[in-house]
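All values reported here derive from a predicted model rather than from experimental measurement.
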Amino acid sequence: MYSGDYAGRRFSSLPEIKITNAEKLVSEWVYQTMAGGKFETTPLVVDGIMYGTGQDDRAFALDARTGRPIWQYQELCPETFVRVVEE
């Protein structure tokens, strides 16, 4: 279910995560897309593979357990698609 429930509260109902131990949670791995700016994505995990998107038309697949990149893709727009607006 997207974001944990239909209200999108991103709450985990896992019994291992409690108010008493939440402060002890630590990151197991991090991934950097090499794109600047904010990173906002809701990844999809299927069979242990995490698929996500990033800025600048990037897509990637990671091993969800280790964070190891499996593949990365970036679609580059042709220069004819880029429009320069002069002020």
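- Under the side chain to side chain contact (heavy atoms under 4.5 Å, CB included) criterion, Ala22 pairs with no residue at all, not counting sequence neighbours.
- Between the Gln72 side chain and the Ala61 main chain, no donor and acceptor come within less than 3.5 Å of each other.
- By the side chain to side chain contact (heavy atoms under 4.5 Å, CB included) test, Lys24 is found to be paired with no residue, residues two or more places apart in sequence or in another chain being considered.
- Under a 4.5 Å side-chain heavy-atom cut-off, the cluster of Ile, Leu, Val, Met, Phe, Trp and Tyr residues that includes Ile19 has no other member.
- Among residues two or more places apart in sequence or in another chain, the side chain to side chain contact (heavy atoms under 4.5 Å, CB included) test is passed with Thr66 by Asp63, Arg68.
- The two residues Leu62 and Pro69 make their nearest non-hydrogen contact at CD2-CA, 3.6 Å.
- With sequence neighbours left out, the side chain to side chain contact (heavy atoms under 4.5 Å, CB included) criterion links Val30 to no other residue.
- Between the CD atom in Glu75 and the CZ atom in Arg58 there is a gap of 12.5 Å [rounded to 0.5 Å].
- With a 4.5 Å cut-off between side-chain heavy atoms of Ile, Leu, Val, Met, Phe, Trp and Tyr, the cluster of Trp71 takes in Leu44, Val46, Ile49, Tyr51, Ile70, Tyr73.
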